[in-house]
**Q** 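First the structure, then my questions, so here it is.
The chains referred to below are lettered A, B, ... by the order of the sequence lines, with proteins before strands, and numbering in each begins at 1.
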Amino acid sequence: MKPKVIRYLDKGEFPIGEGEALALYRAMRRARFFDEKALLLQRQGRLGVYAPFMGQEAAQVGVALALDPGDWVVPSYRESAMLLARGLPIHVLILYWRAHPAGWRFPQGVRAVNPYIPIATQIPQAVGLALAGRYRGEGWVVGTSIGDGGTSEGDFHEGLNFAAVFDAPVVFLVQNNGYAISVPRQRQMRVDYIARRAEGYGIPGVVVDGNDVLAVYVEAKKAVERARKGEGPTLLEALTYRLAPHTTSDDPSRYRSREEEEAWRAKDPILRLRKALEEQGLWGVEAEEALLGELEEEFAREVALADQAPEPTPEMIVEHVYKEMGPDQRRAWEALRQGKHVEELW
Amino acid sequence: MVAEKARVLNLVQAINEALDLALARDERVLVFGEDVGQLGGVFRVTEGLQAKYGEKRVFDTPLAESGILGLAIGLAMGGLRPVAEIQFAGFLYPALDQILSHLGRWRHRSRGRVGLPVVVRAPYGGGVHTPEQHADSPEALLAHTPGVKVVIPSSPERAKGLLLSAIEDEDPVFFLEAIKLYRGVRAEVPEGYYTLPLGKARVVREGRHATLIGYGGMVEVMQEAASVAAKEGVEVMVVDLETLVPLDEETLLEAVRETGRAVVVYEAMRTGGFGAEIAARIAEGAIEYLKAPVVRVAGYDAPYPPFGAIEHHYRPNARRVLAALRRVLTY
Ligand SMILES: Cc1ncc(C[n+]2csc(CCOP(=O)(O)OP(=O)(O)O)c2C)c(N)n1
């Protein structure tokens, strides 16, 4: 039997309150604004390699806003929207994508860790973090995210099994965007819905229309609630699509068609929610313009902040390897600080 | 603070005692791994701990090393002090990604925000006829990972204090325990809680003609060789590195400068092993004192043989160490 794909938008259903719906819209719009600007900055050489998330805002924002501020997110490289929705300041995110050291230490109040580059390794770590919260009586829930390709890695399976065995309070979001770089889902696995795998671990698996933020949010909320009550993890599969390249170094025309992209563009999660909000009389052209104006200002301010970050210095290379530098780091630090190579100190 | 009373314990008992004291002292300490709970570990190192501290603090995990390391990292991120056991060091390989990509890197990649006070204990090394993959010595692989420390004790009283330091340490520490020594060495171990500093090598035997340098299971082999040499009037200094990372280069170089002759002994395969690092440090820091090339006594560039009848040809023994000594003494 095929799992049911949960969907609210385009059916005239509105399962959440006005305030929540507007907050979801603003967060998605803000994320998209960031993504578009980031691509421009990258083209100007003012950002390093960047992984856009365009098209996947609903999945990321829906889960991020379903969590409480005291909860944690453990993201991978494509989850910038999630980080923004969690309150990571834009200038820190810019510095992160500039590979500037100041962007690699997230502010203490933001309950999110740095994105992961090696695929799937965050999954068992998220489970550990969740168990630490339970052990300490802090009861935080952990939201973590992975792509469809990432679910082929061993760590995904080890992590889900651990979470199930220990009833860890984790919400596992799979952003099934159909591709792992160029490899389509059908070449990645034989299973039709990734959420089916949940049964194999003995946990609930849910499939949502990943471009319907209401569906993502409602189901994520349920999963978070279950986790908080001690009922264990949930695997939440969001069916979605990335409208942009895999990263700024990728050329998607080599592996997917323009028609396919256009078909998904029509299901843009932001436009879909906006339409629903407009039908309810909650949104309109003026509100949109005001929001864009705000975002423009905020972004300019934040870029300026990022630009003010001091140039990284060479000795930063050996800082923070250990809590205290060992003799080898100290020797290298001294050399680099003097503008030398360590060999020159002998 | 060293308690007065001492009893004779083996390495297993000493490590068990350290874990017991750490669990008693700090609620944040958790002990977990495969079979560590009810069974007390395949070597019984964690015996009795689950009964004493409960399943919340001492627990069995599913059989998945990457999962165990990942779990440890997350627990440490959340403010706990995990002590994970990997059943044999040769089974660290499925977890290497967690180690190389994360455990060693988190502090650096978060610019100091996320420190991981994780201890990973694993039995290593040969000499007791274990099956395939059970005798590997992956210390060089670990030492080559920035951000982790590597400690390899060679005696019960040292192991206890070093393990307690490792658990107190704010950075990840690999604590490798020579299987051959588990029940093969006994020593007086002080009672109560005490720590010994990481990053210090120690001279376990003085001598003026040549210096033997090694760690873990090789310390007794070096001692044996030194005793034989002593009968022929050759006084051999023996250095136990104890901590490979951070390395106590000062003590190492001092010991080599005194004798001008050095043999490095390790039971991993020769090429790229930690002995190569030692030889390089000596070349960089004490070449003008050398009267002979530094010689390595090590395993061969082959997997550790799972064949009990011939494994002693792979694992360095006193005879091979003596041959190397002869070489540096007659150069
Ligand atoms: C362990 C590992 N192997 C390979 C890569 C290279 N790589 C980066 S992204 C990617 C595809 C990931 O696809 P998916 O999990 O579907 O996520 P998406 O990028 O579509 O969000 C690959 C192969 C990596 N980062 N980590």
Side-chain angles (χ1 to χ4, degrees), chain A residues 72 74 101-108 113-114 116-136 138 140 142 144 153-155 157-166 168 170 316-331 343 346, chain B residues 27-28 30 56-57 59-80 82 94-95 97-98 100-118 146-149 169-172 198-199 243 245-250 284-285:
Chain A
W72 281 91
V74 177
W104 291 58
R105 188 187 171 101
F106 286 5
Q108 211 57 248
V113 300
N114 301 26
Y116 291 63
I117 298 299
I119 306 284
T121 49
Q122 78 275 21
I123 301 294
Q125 297 184 23
V127 177
L129 180 58
L131 291 180
R134 183 169 76 197
Y135 180 90
R136 295 177 54 187
E138 306 230 5
W140 60 59
V142 176
T144 188
E153 288 274 3
D155 270 3
H157 301 277
E158 294 193 18
L160 259 73
N161 188 47
F162 271 51
V165 166
F166 295 122
V170 185
M316 285 180 164
I317 290 171
V318 288
E319 286 171 359
H320 303 301
V321 180
Y322 299 95
K323 181 116 197 245
E324 276 156 35
M325 285 189 204
D328 291 311
Q329 289 79 29
R330 216 174 305 118
R331 184 155 65 191
E343 296 78 12
W346 274 313
Chain B
E27 285 230 312
R28 296 170 302 168
L30 303 179
K56 206 176 146 194
R57 310 224 19 228
F59 57 91
D60 290 320
T61 64
L63 204 172
E65 288 73 18
S66 191
I68 292 171
L69 260 292
L71 187 80
I73 292 170
L75 288 167
M77 273 178 183
L80 303 183
D97 181 38
Q98 289 291 343
L100 306 178
S101 303
H102 299 289
L103 184 66
R105 264 176 225 240
W106 254 116
R107 184 183 293 285
H108 195 250
R109 73 189 293 270
S110 65
R111 300 302 298 163
R113 177 174 166 187
V114 180
L116 299 174
V118 171
V148 307
K149 299 182 178 180
D169 203 278
E170 295 300 327
D171 287 307
L198 308 185
T243 306
V245 181
L247 185 68
D248 180 359
E249 197 178 282
E250 237 166 87
E284 282 168 353

**Q** Give, as side chain, backbone, both or neither, the part of B/Leu30 having an atom under 4.5 angstrom from any heavy atom of chain A.
**A**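 Only the side chain of B/Leu30 comes within 4.5 Å of chain A.
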**Q** At what distance, to the nearest 0.5 angstrom, does CD1 of A/Ile119 lie from CG of B/Asp97?
**A**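 Here the interatomic distance stands at 10.5 Å.
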**Q** Can you label the angle between the B/His102 ring and the A/Tyr116 ring as parallel, tilted or perpendicular, going by 30° and 60°?
**A**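 Ring orientation of B/His102 relative to A/Tyr116: tilted.
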**Q** Strictly distance-based, threshold 3.5 Å: is any side-chain N or O of A/Asn114 a donor or acceptor partner for the main-chain N or O of B/Arg109?
**A**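 It does hold such a pair.
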**Q** Is it true that a side-chain atom of B/His108 and a backbone atom of A/Ile317 form a donor plus acceptor pair closer than 3.5 Å?
**A**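 Pair found, side chain donor or acceptor close to backbone of A/Ile317.
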**Q** Please identify, among B/Ala72, B/Pro146, B/Pro82, B/Gly74, the residue contributing the most non-hydrogen atom pairs under 4.5 Å to chain A.
**A**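 So the answer, after comparing B/Ala72, B/Pro146, B/Pro82, B/Gly74, is B/Gly74.
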**Q** First locate atom CG of A/Asp155, then atom CG of B/Leu69, and finally report the distance between them rounded to the nearest 0.5 Å.
**A**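 Nearest 0.5 Å value for the CG-CG distance: 9.5 Å.
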**Q** Are there over 12 heavy-atom neighbours, none belonging to B/Glu170, within less than 6.0 Å of that residue's CD?
**A**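 Correct, the count exceeds 12.
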**Q** With a 4.5 angstrom heavy-atom cut-off, is it the side chain or the backbone of A/Gln108 that approaches chain B, or both, or neither?
**A**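 Both parts, heavy atoms under 4.5 Å.
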**Q** What part of B/Glu250 is in contact with chain A, defined as an atom under 4.5 angstrom from a non-hydrogen atom: side chain, backbone, both or neither?
**A**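 For B/Glu250, no heavy atom lies under 4.5 Å from chain A.
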**Q** Just how far is it from atom CG of B/Leu71 to atom CD1 of A/Ile123, taken to the nearest 0.5 Å?
**A**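 Here the interatomic distance stands at 13.5 Å.
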**Q** Using a 4.5 Å cut-off on heavy atoms from C-beta on, say whether the side chain of A/Phe106 contacts that of B/Ser110.
**A**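 No - every pair of side-chain heavy atoms lies 4.5 Å or more apart.
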**Q** Do A/Pro124 and B/Gln98 touch side chain to side chain, with heavy atoms closer than 4.5 Å?
**A**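 Yes; the side chains approach each other to less than 4.5 Å.
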**Q** Is there side-chain contact between A/Val321 and B/Arg107, with at least one heavy-atom pair below 4.5 Å?
**A**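 Counting from C-beta outward, A/Val321 and B/Arg107 never come under 4.5 Å.
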**Q** Do you know which of B/Ala64, B/Pro62, B/Pro246, B/Gly79 has the most heavy-atom pairs under 4.5 Å to chain A?
**A**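 If we count pairs closer than 4.5 Å to chain A, B/Pro62 comes out on top.
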**Q** With rounding to the nearest 0.5 angstrom, report the OG1 to CG distance, A/Thr121 to B/Leu103.
**A**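 If I round to the nearest 0.5 Å, the distance is 12.0 Å.
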**Q** When you measure from the side chain of B/Arg111 to the backbone N and O of A/Arg105, does any donor-acceptor pair fall under 3.5 Å?
**A**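 No, the answer is negative, given that no donor and acceptor are paired below the 3.5 Å cut-off.
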**Q** I'd like to verify something: which residue of B/Gly115, B/Gly67, B/Gly199 has the highest number of heavy-atom pairs under 4.5 Å with chain A?
**A**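 Between B/Gly115, B/Gly67, B/Gly199, the count favours B/Gly67.
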**Q** Do you know which of A/Glu158, A/Gln122, A/Gln125, A/Glu319 has the most heavy-atom pairs under 4.5 Å to chain B?
**A**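 Counting heavy-atom pairs under 4.5 Å, the top option is A/Gln125.
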**Q** For the candidates A/Glu138, A/Met316, A/Gln329, which exhibits the highest count of non-hydrogen atom pairs separated by less than 4.5 Å from chain B?
**A**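 Of A/Glu138, A/Met316, A/Gln329, A/Met316 has the most heavy-atom pairs under 4.5 Å with chain B.
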**Q** Chain A heavy atoms under 4.5 Å from B/Val245: which part of the residue, side chain, backbone, both or neither?
**A**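 Just the side chain, heavy atoms under 4.5 Å.
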**Q** Using non-hydrogen atoms and a 4.5 Å limit, figure out which bit of A/Tyr135 sits close to chain B: side chain, backbone, both or neither.
**A**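 Both backbone and side chain.
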**Q** Which atom pair, heavy atoms only, marks the closest approach of A/Tyr322 to B/Val148?
**A**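 Minimum heavy-atom contact is OH-O, 2.6 Å.
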**Q** Over all heavy atoms of both residues, which pair between A/Ala132 and B/Gly78 is shortest? Give the atoms and the distance, please.
**A**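 Smallest interatomic distance, heavy atoms only, reads CB-CA, 3.6 Å.
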**Q** Using heavy-atom distances under 4.5 Å, tell me whether A/Val165 contacts chain B through its side chain, its backbone, both, or neither.
**A**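 Side chain only.
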**Q** Looking at B/Thr61, B/Asp171, B/Leu247, B/Asp169, which has the largest count of heavy-atom pairs under 4.5 Å with chain A?
**A**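 Top option by heavy-atom pairs under 4.5 Å: B/Asp171.
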